[in-house]
Amino acid sequence: ASYWAPLIQSCCTARDLPRARHIHAQIMLSDLKNNRMLANLLVEMYGKLGSPVRARAVFDTLNPPNIFSWNILVAAYAHNGHVEEAKRVFDLTPHKTVVSWTTILQAYTRHGNLEQAKILFDSMPDRNAFSWTIMMAAYSERGDLLNSKILFDKMPRRNVVAWTAIVKVYAENEHIPEAKEMYDTMPHRDMVSYNVMLSAYAGTGNLAQTEDLFEKMPEYDIVSFNTMLGAYVHEERFARAKSLFDRMLYRNVVSWNTLLRGFVQAGEIEQAACAYERMPERTGVTFTILIGAYALLGYIKESEKIFEQMPYLDTVSCNAMLVGFAQNSRLEQALTLFHSTTMLERNTASWNTILAALASHGNLEATRNHFKTMPEKD
RNA sequence: CCCAAGUCCGCUGAA
């Protein structure tokens, strides 16, 4: 089991579904095929890799599933946006723990509505630090600083995560002085807290202040450097960004994406293309940046080429492609992509993009029809 | 021994 576990985890980080299935098959051939812990890991793995059906199939082989199995299955459905199904499984879960409750709470805050989450939160038999922090973050995301702070004040035993969350809450609602005050007040800080405060400053555009904090930080990790790199890019200090990137001892795909973004913003499209080729790893973000960059310059063919190179499609990249088509007067292609099965999901941004494209094309009737069919409007 | 919370990069729209 200790041999297989890390292999399963690595599939999750690499987003490698084929290898995941291969490992799964290998386990089934071994004498560990009835090992429940490994099965739980497989359920988790399939959930994270976007395959709740396979997650469910593994779950169904368990006799009996334990509480971990149930919780993992709920998370698997929630992670893929199947909140209803997650709730169904949650309701069937015997001997629910506080983890079961926080998992479904998270499902609601992420995909459902906050009202339902609040009802759930209030009716939970137990609440721990996780539950409180999830609710705080949910309010903050909606811009409800007040309720977020009320929860923080009511929270019984605030840990470093809760303190960091409240710093972030103030920061994302543009209350930087209050964020700093909380940061200074918190009884104990860790790597994440430093990075949150750094990111708060980076978002203000005050480079001097950001650099000052960066220099005073007791320790650094790759996120700290990426944040600083992003601050330079954001402020269009491309030379500094490039020089920091070159000096970084460790880089990950976020560092590369940030650099790529820097080249694009600087108008250095060939440098961007060069970085794209040299990157050791790419994510959906990578493709989205380049698709948008080429489209904006009118190189829609290049955008399409990049789009076709994507190993798996995500909604945001598809949206970028939609925008690209729209920008380049290719309404037909935008509509084709939008309605095609290659686009697995459509979010509000997808619908809005098409709506705007139709409207600017002057097609009032089609715009109206599209508007009427939109599942949700903002 | 396996499950849930806070940090860095991407899409539409508002400013």
Tell me the interatomic distance from [X], atom [atom1], to [N], atom [atom2], rounded to whole angstroms.
X        : N      : atom1 : atom2 : result
A/Leu355 : B/rC11 : CG    : P     : 19 Å
A/Asp126 : B/rA5  : CG    : P     : 18 Å
A/Ile8   : B/rC3  : CD1   : P     : 12 Å
A/Glu44  : B/rC3  : CD    : P     : 6 Å
A/Met186 : B/rG6  : CE    : P     : 14 Å
A/Asn252 : B/rU7  : CG    : P     : 16 Å
A/Phe225 : B/rU7  : CZ    : P     : 20 Å

Over 60° means perpendicular and under 30° means parallel, so classify the ring planes of A/Phe214 and A/Phe225, tilted if in between.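 Ring orientation of A/Phe225 relative to A/Phe214: perpendicular.
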Taking any heavy-atom pair under 4.0 Å as a contact, classify [X]: base, sugar-phosphate, or nothing.
X        : value
A/Thr97  : nothing
A/Ala129 : base
A/Val160 : base

Look at the side chain of A/Asn80 and the backbone N and O of A/His82, then say whether any donor-acceptor pair between them is shorter than 3.5 Å.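 Between the backbone of A/His82 and the side chain of A/Asn80 there is no qualifying donor-acceptor contact (under 3.5 Å).
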Taking the minimum atom-to-atom distance to the side chain of A/Ile134, which one of B/rA5, B/rC9, B/rC8 wins?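 From the listed options, B/rA5 comes nearest.
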Establish, with yes or no, whether the OP1 or OP2 oxygen of B/rG6 is under 4.0 angstrom from a side-chain nitrogen or oxygen of A/Lys168.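 A/Lys168 to B/rG6 OP1/OP2: no side-chain N or O under 4.0 Å.
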Verdict with reasoning, A/Ile166 to A/Val169, per side-chain contact (heavy atoms from CB on, under 4.5 Å): CA-CA 5 Å; A/Ile166 198 69; A/Val169 165; 4.2 Å; yes
